[in-house]
Visitor: 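My questions will all concern the structure given below.
Hydrogens, waters and symmetry mates are skipped; everything else that's a heavy atom, side chains included, is used.
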Amino acid sequence: IFTKGVRLGACDFNPSSGVARFDEDKRKRYITDEEYKLIYNQANEVIQVVMDICYLTAQRIGDVLKIKRSDISEEGILIVQQKSKARLTVAMTPEIAGVIARAKTLRNVPCQWLLHPKGKATAYAYSSIKSAYQRAVSASGVTDATLHDLRAKSLTDLKKAGGDPQKLAGH
């Protein structure tokens, strides 16, 4: 933030420049199938669709929220990953097609985004989805579960089934 402030002329220098970043351990949380079901059953229909798309595509939540209707074809969903800038197409499956169809019935406002708030033509804010997901987690009784854990679950389950998680993850 300070770096941007310096660029914009809001401050003269970045006081955090040169401060070493705190190393954090990688998160190793795996959401079990039972935990997924418990959270899913407490979630509203929008969060259920988000959970399904995250799980079926193994994409980050930010990338899922940025899916445009024009990114969807018979071949699959074009994803431009925000973090790596990788472009990949997640192959269309009957399960993904079904979730996309459900997503399209959630809102009746013409919009370029697949997922958008009721009555608005903008993509959902990450914070809105995160809050709603956390409410479902709390109501489910599951502890220490985040939206980001859905990607880990998807990639782990794919590997267990003999698939190629690196290809789907865009690595």
Side-chain angles (χ1 to χ4, degrees), residues 23-107 112-117 123-171:
D23 288 333
E24 296 180 65
D25 291 334
K26 287 191 175 188
R27 188 164 167 84
K28 294 183 171 118
R29 175 72 160 96
Y30 174 78
I31 295 178
T32 66
D33 293 344
E34 183 61 29
E35 289 173 322
Y36 185 93
K37 288 176 193 171
L38 289 169
I39 296 166
Y40 193 90
N41 290 336
Q42 294 299 319
N44 65 38
E45 60 188 353
V46 171
I47 298 304
Q48 288 176 345
V49 166
V50 169
M51 288 176 69
D52 286 341
I53 294 174
C54 285
Y55 181 75
L56 292 171
T57 65
Q59 299 306 303
R60 293 176 187 89
I61 183 64
D63 297 329
V64 167
L65 296 178
K66 297 297 182 198
I67 295 173
K68 295 180 181 176
R69 290 174 184 249
S70 61
D71 296 333
I72 302 166
S73 69
E74 290 181 11
E75 284 111 40
I77 304 171
L78 172 66
I79 305 279
V80 180
Q81 295 181 329
Q82 292 174 350
K83 185 175 180 180
S84 65
K85 305 299 183 226
R87 295 174 60 89
L88 66 119
T89 299
V90 176
M92 187 61 68
T93 65
E95 293 84 8
I96 292 174
V99 175
I100 289 171
R102 281 182 25 229
K104 288 179 177 179
T105 65
L106 292 175
R107 306 292 181 245
Q112 68 175 331
W113 307 104
L114 177 63
L115 299 165
H116 58 95
Y124 271 107
Y126 169 81
S127 59
S128 299
I129 297 300
K130 179 182 175 184
S131 296
Y133 180 79
Q134 282 310 127
R135 285 192 298 275
V137 169
S138 294
S140 73
V142 174
T143 58
D144 190 34
T146 70
L147 278 166
H148 302 286
D149 297 330
L150 297 175
R151 178 174 163 91
K153 176 177 180 46
S154 176
L155 295 170
T156 300
D157 290 353
L158 181 62
K159 185 174 183 176
K160 286 180 185 175
D164 183 356
Q166 288 192 331
K167 183 177 178 185
L168 189 57
H171 294 155

Visitor: Under the side-chain contact (heavy atoms from CB on, under 4.5 Å) rule, what do Ile77 and Thr89 come out as? Steps first, then yes or no, please.
Guide: CA-CA 5 Å; Ile77 304 171; Thr89 299; 6.0 Å; no
Visitor: Does Arg102 form a salt bridge (charged side-chain N to carboxylate O under 4.0 Å, His left out) with Asp52? I'd like the steps, not just the answer.
Guide: CA-CA 10 Å; Arg102 281 182 25 229; Asp52 286 341; 3.0 Å; yes
Visitor: Determine, step by step, whether Tyr36 and Val142 satisfy the side-chain contact (heavy atoms from CB on, under 4.5 Å) criterion, reporting the C-alpha distance in whole Å, the side-chain angles of both residues, the deciding distance to 0.1 Å, and the verdict.
Guide: CA-CA 9 Å; Tyr36 185 93; Val142 174; over 6 Å; no
Visitor: Strictly distance-based, threshold 3.5 Å: is any side-chain N or O of Arg151 a donor or acceptor partner for the main-chain N or O of Ile61?
Guide: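 No, Arg151 side chain to Ile61 backbone: no donor-acceptor pair under 3.5 Å.
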Visitor: Give a yes or no answer on whether the side chain of Ser128 reaches the backbone of Tyr124 with a donor-acceptor pair at less than 3.5 Å.
Guide: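 No, because the side chain of Ser128 does not come within donor-acceptor range (under 3.5 Å) of the backbone of Tyr124.
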Visitor: Measure from NZ or CZ of Lys160 to the centre of the six-membered ring of Tyr30, then state whether that distance is under 6.0 Å and the direction lies within 45° of the axis.
Guide: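 Yes - Lys160 lies over the ring of Tyr30, closer than 6.0 Å to its centre and within 45° of its axis.
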Visitor: What is the distance from atom CG of Asp149 to atom CD1 of Ile31, rounded to the nearest 0.5 Å?
Guide: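 Here the interatomic distance stands at 4.5 Å.
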Visitor: Please check: side-chain N/O of Ser140 versus main-chain N/O of Val137, any donor-acceptor pairing under 3.5 Å?
Guide: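 Present.
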Visitor: Is there a donor-acceptor pair under 3.5 Å between the side chain of Glu95 and the backbone N or O of Thr93?
Guide: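 Here the side-chain-to-backbone pair does not exist.
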Visitor: Tell me, with the steps shown, if Ile129 and Val46 meet side-chain contact (heavy atoms from CB on, under 4.5 Å).
Guide: CA-CA 9 Å; Ile129 297 300; Val46 171; 4.2 Å; yes
Visitor: Taking C-beta and beyond as the side chain, do Lys153 and Asp33 meet within less than 4.5 Å on heavy atoms?
Guide: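 Side-chain contact under 4.5 Å: yes.
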Visitor: Which heavy atom in Met92 sits nearest to a heavy atom in Ala97, and how many Å separate them?
Guide: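 Reported closest heavy-atom pair: SD-N, 3.6 Å.
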